Amino acid sequence: MGRIPILRDFIGIIKDKASQSKAALLSDPKTLSLHLALLRATTHDPFTPPDPRHLATLLASGHTSRATVSTAIEVLMDRLQTTRDASVAIKCLITVHHIIKRGSFILQDQLSVYPSNGGRNYLKLSNFRDKTTLLTWELSCWVRWYALYLENLLQTSRVLGFFLSSASSSVDNNEEEEEKVSSLTTSQLLKEINSLGNLIEQISRMPNSLHTNGIILVDEVLGMVGEDYLASTNEVSIRVSEFKERLSCLSVFESVELGFALKRLEDCKERLSALGQMRNVLVETVWGSISEMKDQVGNDELYGEEGRLMTMESSKNKVSESSRYGERVPKFGDSVDFFSGRFSKLQY
């Protein structure tokens with residue numbers, strides 16, 4: 001049994017050398033260094049993460065032409081889709097994550113095109129299996145989860161308008177972010193908190209494989225996802241605070257949707273609390289504010305035993321749109337509500 005990993009590692013080294021030799025012969029000389037950097041960053045060795053020097057070369061390509069950047073992303077996605085090796089796949093996904101967090105605008109833009117252009121989803125790896133060893137079998141679980149997580153991260157970033165936890169995002173400037181959030185409509189705000197909930201829910205579904213404990217590749221993934229988790233809970237906190245300002249202005253159905261979103265987040269808390277690496281004093285404070293907000297919304301009264309929305313008496317007394325039209329036209333002396341409750345009411 002001890003010979004299998006040794007033989008597999010030797011075969012992996014041969015494959016890496018062969019891939020680099022093939023690239024040297026067939027690649028465009030203008031992008032050869034880029035292609036070689038990618039291959040060297042995504043080797044078959046399951047015990048070493050991508051070399052920072054090769055990652056730096058890939059990230060530096062983001063400051064060149066759009067054509068070069070497009071080639072870099074295409075080569076990365078092709079390697080991700082064609083490999084059957086769990087170590088190579090995880091390293092490709094780590095490289096994608098580095099682009100999201102540290103890449104230039106052009107790199108991030110080219111990357112975000114792939115899952116959203118209506119064509120093939122290059123992050124769809126739900127059928128990935130590497131059955132070579134017990135380790136690669138469990139690493140395959142991480143590949144499938146990590147790919148879906150990154151897809152969720154890109155989708156959430158599109159909804160928010162910036163790449164979450166990236167160097168170019170404004171998440172470190174809470175005052176600026178709070179001002180931006182206060183200008184959103186309630187429907188936009190609900191869309192954002194639901195999207196953040198999707199992301200945190202995906203984090204909570206992280207594999208818990210005993211045989212991958214202490215594996216550097218998995219530790220690298222945990223570190224990067226942990227940073228995203230802190231950034232996402234910070235964004236949730238800002239939006240929960242904004243909802244507190246608007247609580248008295250929410251319609252019944254907006255309150256119900258907010259209640260569902262907060263309940264989903266609370267369900268994630270239980271699963272995330274079992275993961276020691278996700279514990280943080282600031283995060284616990286955010287969870288406390290989520291629970292408090294959920295109680296204030298008071299949606300518990302709106303649900304049946306199975307969590308289904310109960311029929312409300314108010315729905316029996318609906319007023320037609322035409323009969324309410326006159327109430328929408330502001331008259332002299334009427335007050336005008338802003339999206340955020342931070343602003344006082346103005347009168348005509």
Side-chain angles (χ1 to χ4, degrees), residues 97-98 100-102 145-146 148-184 186 188-208 218-247 257-297 299 340 342:
H97 206 164
H98 274 287
I100 294 173
K101 295 172 74 68
R102 299 165 49 203
W145 171 82
Y146 197 20
L148 186 56
Y149 167 76
L150 291 175
E151 187 178 346
N152 271 269
L153 180 59
L154 286 171
Q155 290 171 349
T156 300
S157 297
R158 288 190 205 101
V159 171
L160 297 180
F162 60 88
F163 285 89
L164 195 67
S165 80
S166 71
S168 59
S169 73
S170 59
V171 294
D172 292 331
N173 189 342
N174 277 8
E175 290 185 5
E176 182 181 339
E177 183 68 4
E178 287 171 3
E179 183 178 350
K180 188 199 81 172
V181 167
S182 69
S183 68
L184 297 175
T186 299
Q188 289 172 323
L189 203 55
L190 285 168
K191 184 178 180 180
E192 289 192 358
I193 201 167
N194 275 314
S195 186
L196 286 162
N198 290 338
L199 184 66
I200 293 175
E201 192 171 45
Q202 181 60 23
I203 294 175
S204 73
R205 293 170 178 166
M206 182 183 300
N208 190 17
V218 174
D219 291 342
E220 181 93 357
V221 172
L222 288 174
M224 297 181 74
V225 173
E227 292 174 0
D228 294 344
Y229 177 58
L230 292 177
S232 60
T233 51
N234 180 66
E235 294 297 330
V236 167
S237 177
I238 292 172
R239 283 150 184 80
V240 167
S241 296
E242 179 59 30
F243 271 118
K244 286 181 180 179
E245 299 290 336
R246 303 187 189 191
L247 194 56
E257 187 174 352
L258 176 59
F260 273 123
L262 295 174
K263 186 177 186 304
R264 283 179 59 208
L265 284 167
E266 274 200 328
D267 291 342
C268 294
K269 177 189 175 182
E270 298 303 319
R271 295 193 293 269
L272 287 167
S273 63
L275 302 172
Q277 65 270 19
M278 294 301 177
R279 292 176 184 170
N280 182 286
V281 175
L282 294 177
V283 170
E284 290 302 317
T285 302
V286 174
W287 284 120
S289 68
I290 290 172
S291 180
E292 179 185 347
M293 182 62 182
K294 180 176 173 290
D295 292 339
Q296 288 180 1
V297 171
N299 277 292
S340 177
R342 291 189 178 90

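Bear in mind that the values here come from a model prediction, so they are computed numbers and not experimental data. As a basis for the values below, the full set of heavy atoms in this structure was taken, side chains included, without hydrogen atoms, waters or symmetry mates.
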message: Run Glu235 and Glu192 through side chain to side chain contact (heavy atoms under 4.5 Å, CB included) and show every step you take.
response: CA-CA 9 Å; Glu235 294 297 330; Glu192 289 192 358; over 6 Å; no
Beyond-backbone contact of [X] with [Y], side-chain heavy atoms, under 4.5 angstrom:
X      : Y      : answer
Val286 : Asn234 : no
Lys101 : Ser165 : yes
Glu220 : His98  : yes
Arg264 : Asn198 : yes
Leu258 : Thr186 : no
Leu164 : Ser232 : yes
Ile193 : Val240 : yes
Leu247 : Met293 : yes

If you look at every heavy atom in [X] and [Y], which pair is closest and at what distance?
X      : Y      : value
Asn194 : Ala261 : OD1-CB, 3.5 Å
Gln202 : Trp145 : O-NE1, 2.7 Å
Leu265 : Trp287 : O-CZ3, 2.9 Å
Arg246 : Leu184 : NH2-O, 2.7 Å

message: Check this for me: does any side-chain nitrogen of one of Arg239 and Glu242 sit under 4.0 Å from a carboxylate oxygen of the other?
response: no
message: Please report the interatomic distance CZ(Phe243) to CD1(Ile238), rounded to the nearest 0.5 Å.
response: 13.5 Å
- prompt: Where the side chain of Ser157 meets the backbone of Leu153, is there a donor-acceptor pair that is under 3.5 Å apart?
  reply: yes
- prompt: Ser241 side chain to Ser237 main-chain N or O, any donor-acceptor pair under 3.5 Å?
  reply: yes
- request: Given side chain to side chain contact (heavy atoms under 4.5 Å, CB included), test Met206 with Val221 step by step and report yes or no.
  value: CA-CA 11 Å; Met206 182 183 300; Val221 172; over 6 Å; no
field: Over 12 foreign heavy atoms within 6.0 Å of NZ, Lys244
entry: yes
message: For a quick check under 3.5 Å, do Asn152 and Glu201 share a side-chain donor-acceptor pair by atom type?
response: no
message: With no hydrogens and no angle check, just 3.5 Å: does a side-chain donor-acceptor pair link Glu266 and Ser291?
response: yes
message: Could you go through Tyr229 and Leu199, starting from their C-alpha distance and side-chain angles, then the distance that decides it, and tell me whether this counts as side chain to side chain contact (heavy atoms under 4.5 Å, CB included)?
response: CA-CA 9 Å; Tyr229 177 58; Leu199 184 66; over 6 Å; no
field: Verdict with reasoning, Tyr146 to Met224, per side chain to side chain contact (heavy atoms under 4.5 Å, CB included)
entry: CA-CA 11 Å; Tyr146 197 20; Met224 297 181 74; 4.3 Å; yes
